[in-house]
Amino acid sequence: MDFSDLNLNKPILKAVFEKNFETPTEIQKKTIPVVLAKKDLIATAQTGTGKTAAFILPILQILFRNQNNSEEKKNVRSLIISPTRELANQIHEESVAFAKYTGLKTAVVYGGTSVDAQEKVINEGVDILIATPGRLIDLCKQDIVDLSTVEILVLDEADLMLDMGFIDDIKKISRLCSEEKQTLLFSATMPNSVLRFAERILSDPERVEVEVEKKSSNKVKQYLYYVPKPSKVELCLYLLRNTIQGNILIFRRTRNGVDRLEQTLLKNGFKAEGLHGEKTQSARQNILDNFKFNKTNILIATDVASRGIDIDDLDAVLNFDLPNIPETYVHRIGRTGRAGKTGTSYSLCSPDEKEYVSAIQKVIKSAIPVVEDHPCSIKAKETSRQNKTNQSKSKKSKYKKSRKSEASKKKKKRWY
Ligand code: AMP
């Protein structure tokens, strides 16, 4: 199948070829006909599969076909909701490139930047609006954006949006759009929470699934380290000093965890920076630039923050905390081993995370090789604890012995 078999108009195809896209990816082949048939869609696809073009191209086609060429102000006809600013920006960049010859206008709005500038852009007229949920709700409350004309709503990275607590915002946004709208939901993972949510807001959706990351995980050498929880920092430092080299992405579950590990690594002389949603947009951009231009070589991130990172050149991924959703593991390690390179992933597993390993191994359909010989293994720790106990016992017994002999000397003295 070729792009010209997908019923896209010439101005759109021209932009596609200008971007050097030759053949559609699997998600594009499966999704574009469904969207053009005006059906609701629920798609399991991760970043890197070409999913952005999978929804942008047919949206442009639908809007282009029924474009209002009058001088009237343009209304928002398609709305794309994305959980993070980085992802919103990436979607916007692709939309601008594909819309280049269509006359359709796109804009992006997200928090952390001035509302005035965004109001000005919207007032000039927008066909496709890309937004993060919080800022969009604010703009609706202030009557800056009217969503009643939205014909196609896209919810991108739905699993993340639910994880980030946007569920009520999204329901509200969906209600504000036209009742006859078409809704497309994309999610990297499809846990029950997302399926239940989809059932409530989609109508008779088609399901599409692609699993590129699972295949790409073959190119990643994976290692698993069992370690007592309090020794994870020590093992992380050991691996960074002795085993892992190059550009490294370390995953932590919480923002707090990212900050703490960043401090520890800096104190130990590593060039590391932490990335999470509480940092400002410009701080996040600086951190990414520092990593891209080799001022740092270690990036510590939460899953949420890492989703928007467009870095192909990672040598290793270190799972400091294991994820409780197996697909997230696949997604994380898929960040390395790209562009024909092999990558390596290192996962630290404390006793409370063992059940996550079983779930992950079921999904990747193989066992992750375990590295037993390391200074923080549970066995090594037990042995060292045992040694310490023995040492302190022997110290105590030496101390007792010396006290005894002193006492007996004193006694002897007295006797003399
Ligand atoms: P995405 O999954 O949308 O983040 O896309 C991942 C990358 O693949 C982006 O850099 C896209 O520009 C690129 N891409 C998407 N579709 C194609 C295609 N059919 N041919 C070549 N590159 C593509």
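Read the numbers this way: they start at 1 and go in the same order the structure lists the ligands and their atoms. Throughout, residue positions are numbered sequentially from 1 according to the sequence presented.
Residue contacts with ligand 1, taken as heavy atom pairs separated by less than 4.0 Å, involve F3 solely via side-chain atoms from C-beta onward.
Contact analysis puts T23 in contact with ligand 1, with a non-hydrogen atom separation below 4.0 angstrom. At least one heavy atom of E94 sits under 4.0 Å from some atom of ligand 1.
Which parts of ligand 1 touch T25 is read off a 4.0 Å heavy-atom cut-off, strictly below it: atoms 16 (N), 17 (C), 18 (C), 19 (N).
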Should H374 and Y225 be marked as a ring-ring contact (aromatic ring centres under 6.0 Å, His included) after you check the CA-CA gap, both sets of side-chain angles, and the distance that decides it? CA-CA 8 Å; H374 63 87; Y225 294 75; 5.2 Å; yes
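Between the side chains of D352 and S350, at least one donor-acceptor pair of N or O atoms lies under 3.5 Å. Of the N and O atoms on the side chains of D159 and T189, at least one donor lies less than 3.5 Å from an acceptor on the other residue. Between the side chains of D116 and S114, no donor-acceptor pair is found at a separation under 3.5 Å.
Taking the ring-ring contact (aromatic ring centres under 6.0 Å, His included) definition, one finds that F21 meets it with F98, sequence neighbours left out.
For ligand 1, the polar-atom distance check against T49 finds a nitrogen or oxygen pair separated by under 3.5 Å. For ligand 1, one of its N or O atoms has an N or O atom of T52 under 3.5 Å away. Below 3.5 Å of separation, one finds no N or O of P24 facing any N or O of ligand 1. For E22, no nitrogen or oxygen atom sits less than 3.5 Å from a nitrogen or oxygen atom of ligand 1, counting backbone and side chain alike.
Using the six-membered ring where Trp is involved, F17 and F3 have ring planes that are perpendicular, over 60° apart on the 30 and 60° scheme.
Ranked by closest heavy atom to atom 17 (C) of ligand 1, the top entry among F186, F55, F98, F21 is F21. Among A54, A53, G50, the residue whose heavy atom sits closest to atom 5 (O) of ligand 1 is G50.
Taking 4.0 Å as the cut-off between side-chain N and carboxylate O, D321 and R252 count as a salt-bridged pair.
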